[in-house]
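One structure is given here, and the rest of the page talks about it.
This one's a predicted model, so the numbers in the text were calculated from it and none came from an experiment.
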Amino acid sequence: MADRGLAPRTAARRLSALRQFFHFLVEDGRRKDDPSHGLDSPKLGRPLPKYLGESAIDKLLVAARAVEGAKGRRDEAILELLYATGMRVSELCSLPVASVARGQATLVVRGKGNKERMIPLGLPACRAVEVWLELRQPKASRWLFPGGRGANKPISRDAVTLLLKKLAVAAGVPPSTLSPHVLRHSFASHLLAGGADLRSVQQMLGHADIATTEIYTHVLEDRLSSLVKSAHPLAGKKG
């Protein structure tokens with residue numbers, strides 16, 4: 001299968017089917033040995049995270065700001081928060097309105113395992129949230145982004161995904177390339193590319209293990225290469 005150029009995941013699925021088949025033959029007494037037992041599973045590796053370039057993010061923000069009325073300000077606040085904090089869409093949907101006091105420069109997010117973390121908020125995100133708070137309805141809702149059917153439920157994950165797809169169309173960004181998690185990946189990738197350290201990004205993303213955050217180090221290759229060329233005393237010398 002490797003010689004035929006099949007992907008490792010395809011080979012792994014086929015190997016799994018063979019193992020189950022031969023296990024059945026042994027259990028049924030049709031064979032005494034299992035020839036699949038000695039086969040090594042292919043190394044799958046970890047896929048690189050999909051993220052948008054900064055120009056695509058700018059286009060999305062421009063498209064959100066162009067939408068008039070309360071809905072436009074809500075969508076803008078959602079987009080700003082997702083990109084400015086890297087929070088999961090489930091965390092955004094469950095944000096209580098009390099988590100964003102006026103003038104607050106940080107956001108407290110409750111993530112997996114009911115653990116809280118604090119994420120700094122940039123000025124554009126703060127302004128977008130403040131404008132949304134003025135227009136937000138119903139005022140009685142405890143949620144920062146109430147659901148469409150009343151005050152008792154927050155906005156759904158599907159509704160957030162749908163509004164992002166609509167913004168992508170308006171911005172000329174392929175909708176298939178945009179999702180709440182892509183914005184999370186973009187947040188982390190752009191921070192690292194801009195010089196942030198891995199441990200800080202880990203804390204803001206809420207990763208328990210830094211190994212999870214290390215999937216974003218692919219964006220560091222160009223920056224590290226230029227850093228070595230400019231800073232290492234022997235980098236500019238020819239052998």
**OP:** Give the intermediate values and the outcome of side-chain hydrogen bond (donor to acceptor under 3.5 Å, both in side chains) for residues Thr161 and Asp158.
**Re:** CA-CA 5 Å; Thr161 300; Asp158 289 343; 5.3 Å; no
Original post:
Do the side chains of Leu81 and Val131 join up, straight or via other hydrophobic residues, at under 4.5 Å, putting them in one cluster?
Top reply: no
**OP:** Please identify each residue that fulfils salt bridge (Lys or Arg N to Asp or Glu O under 4.0 Å) with Asp28, with sequence neighbours left out.
**Re:** Arg30
Original post:
How about Asp58 and Ser55: does a side-chain donor come under 3.5 Å of a side-chain acceptor?
Top reply: no
Original post:
What pairs with Arg31 under side-chain hydrogen bond (donor to acceptor under 3.5 Å, both in side chains), at least two apart in sequence or on another chain?
Top reply: Asp33
**OP:** Anything under 30° is parallel, anything over 60° is perpendicular, the rest tilted; go ahead and classify Tyr83 against His190.
**Re:** perpendicular
Original post:
If you measure from the Lys or Arg side-chain nitrogens to the Asp or Glu carboxylate oxygens, is any gap between Glu80 and Arg65 under 4.0 Å?
Top reply: yes
Subject >> Residue list, side-chain hydrogen bond (donor to acceptor under 3.5 Å, both in side chains) with Lys166, at least two apart or on another chain >> reply: none
Subject >> Pair Arg117 + Glu91, salt bridge at N-O below 4.0 Å >> reply: yes
Original post:
In the hydrophobic clustering that connects Ile, Leu, Val, Met, Phe, Trp and Tyr at side-chain heavy-atom distances below 4.5 Å, which members other than Leu39 occupy its cluster, ordered by chain and number?
Top reply: Leu15
Subject >> Transitive ILVMFWY cluster of Val62, excluding itself - 4.5 Å side-chain cut-off >> reply: none
**OP:** Could you tell me whether Phe22 and His37 have their ring centroids closer than 6.0 angstrom?
**Re:** no
**OP:** Keeping to residues at least two apart or across chains, list the ring pair (Phe, Tyr, Trp, His ring centres under 6.0 Å) pairs with something in residues 152-181.
**Re:** His181-His185
Original post:
Are Thr10 and Arg4 close enough that a side-chain donor and a side-chain acceptor fall under 3.5 Å?
Top reply: no
